[in-house]
Visitor: 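I have a structure I would like to understand better, so I am pasting it below and will then ask my questions one at a time.
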Amino acid sequence: WVAETLVGLLAPCGRGVKISGRKIEGIGVLEKPVSSMSNIMDFDRAVIISYELARKIANLKSNTLFGNSSLNVKAGEGISIQALRDEITGILRAERRLKPREEDNFSINELSLLADLLDSFFGVLNVVGLLVGGFAIFVGMFGVANIMFVSVKERTRIIGIKKALGAKRFVILLEFLIESVVLCLIGGALGLALVQALVLALSPVFDFGFQLSWYNILIGLLLSVVVGVIAGIIPASQAAAMNPVEAMRK
């Protein structure tokens, strides 16, 4: 907006404008920012100049809301807020030559309003997700158990033959438990793949990126194993307790 207003459609680089009677030569134009709630400053209506030049044309030591002077810092991709605070604190203490036991003579303020709003939103979303997810797991557990009961019934004669040939009870039990766990792992893997596809689709839409962490993936797979064991323990125990003679007659 500033470049278009001052120089119009002409190339702004190399052209001069005056600020407080001083001629300033343009060396570049910032990319037009995307309007969003996470953009704190309107750089579309700002001019960036050096600190030394700013000292000559403005009173930088005047008392303002943020003290004598302030710096706006944004964390890079993959950098946590706490890591950014620690880095800024170390740089400012070194610049001001503060001893280890001396207190900070500066303050670091965060844009907490948006963060608190998002925390509240995602807190409610987590509770809703736990309720819906818990109900889905409960229903899915009965579905897997039903599949395993059908599998045991269809393979009754095979179970009887295996036991007649000397298969131990724990072997039959382990066979059906593994089958139940594998069935749940396949379902869990498909669910994680669907979530990852949804994350990749939503990330370009919003200013902040979504990601499926390895921790969540591990929790999902472990939960699938637990559900598989719980859903398959009764059918597996029923198969392991069969009498080989009666099983082969059915």
Visitor: Would you say I137 and L130 are hydrophobically clustered, going by side-chain heavy atoms of ILVMFWY under 4.5 Å?
Guide: no
Visitor: Taking S180 for the side chain and V229 for the main chain, is one N or O donor matched with an acceptor at less than 3.5 Å?
Guide: no
Visitor: Extract all donor-acceptor atom pairs below 3.5 Å that involve side chains of residues 158-170 and protein atoms in other chains or at least two apart in sequence.
Guide:
residue : atom : partner : partner atom : Å
K162    : NZ   : E175    : OE1          : 3.1
K162    : NZ   : E175    : OE2          : 3.0
K163    : NZ   : A240    : O            : 2.6
K163    : NZ   : M242    : O            : 2.8
R169    : NE   : A240    : O            : 3.4

Visitor: Does atom CD of E87 have more than 12 heavy-atom neighbours, drawn from other residues, nucleotides or ligands, at distances under 6.0 Å?
Guide: no
Visitor: Linking I/L/V/M/F/W/Y whenever their side-chain heavy atoms sit closer than 4.5 Å, directly or via other members, would I172 and L183 fall into one cluster?
Guide: yes
Visitor: Hey, quick one: are V152 and F149 part of the same hydrophobic cluster, counting side-chain heavy atoms closer than 4.5 Å, chains of contacts allowed?
Guide: no
Visitor: Which atom pair, heavy atoms only, marks the closest approach of A247 to T156?
Guide: CB-O, 3.5 Å
Visitor: Taking W214 as the starting point, is it possible to reach L198 by hopping between hydrophobic residues whose side chains are less than 4.5 Å apart?
Guide: yes
Visitor: Could you measure the distance from the CG atom of N146 to the CE atom of M141? Nearest 0.5 Å is fine.
Guide: 14.0 Å
Visitor: Calculate, to the nearest 0.5 Å, the distance between atoms CG and CG belonging to L185 and L222 respectively.
Guide: 9.5 Å
Visitor: Kindly determine whether T89 and I108 satisfy side-chain contact (heavy atoms from CB on, under 4.5 Å), including the steps that lead there.
Guide: CA-CA 8 Å; T89 301; I108 300 177; 3.3 Å; yes
Visitor: For a quick test of reading the model, state the closest non-hydrogen atom pair linking F176 to M148 and the distance between them.
Guide: O-CE, 3.4 Å
Visitor: Within the 3.5 Å criterion, strictly below it, is a donor on S151 or R155 matched to an acceptor on the partner's side chain?
Guide: yes
Visitor: For F135, run the side chain to side chain contact (heavy atoms under 4.5 Å, CB included) check against L131, V132, V139 and tell me which one passes.
Guide: V139
Visitor: NZ/K153 to CD/Q238 distance, rounded to the nearest 0.5 angstrom?
Guide: 10.0 Å
Visitor: CD/E95 to CD1/I88 distance, rounded to the nearest 0.5 angstrom?
Guide: 14.0 Å
Visitor: Measure from the side-chain N and O atoms of R93 to the backbone N and O of K99, and report whether any donor-acceptor pair falls under 3.5 Å.
Guide: yes
Visitor: Hey, are the side chains of L221 and L192 touching, using non-hydrogen atoms and a 4.5 Å cut-off?
Guide: yes
Visitor: For a side-chain contact (heavy atoms from CB on, under 4.5 Å) check, start with the C-alpha distance between L173 and S237, then their side-chain angles and the critical distance, and finish with the verdict.
Guide: CA-CA 6 Å; L173 179 70; S237 300; 3.8 Å; yes
Visitor: Could you tell me the separation between the CG atom of N243 and the CE atom of M248, rounded to the nearest 0.5 Å?
Guide: 8.5 Å
Visitor: State which residue, out of I219, I217, L212, L218, fulfils the side chain to side chain contact (heavy atoms under 4.5 Å, CB included) condition with Y215.
Guide: I219
Visitor: Can you give me the closest heavy-atom contact between A145 and P235, atom names plus distance?
Guide: O-CG, 3.9 Å
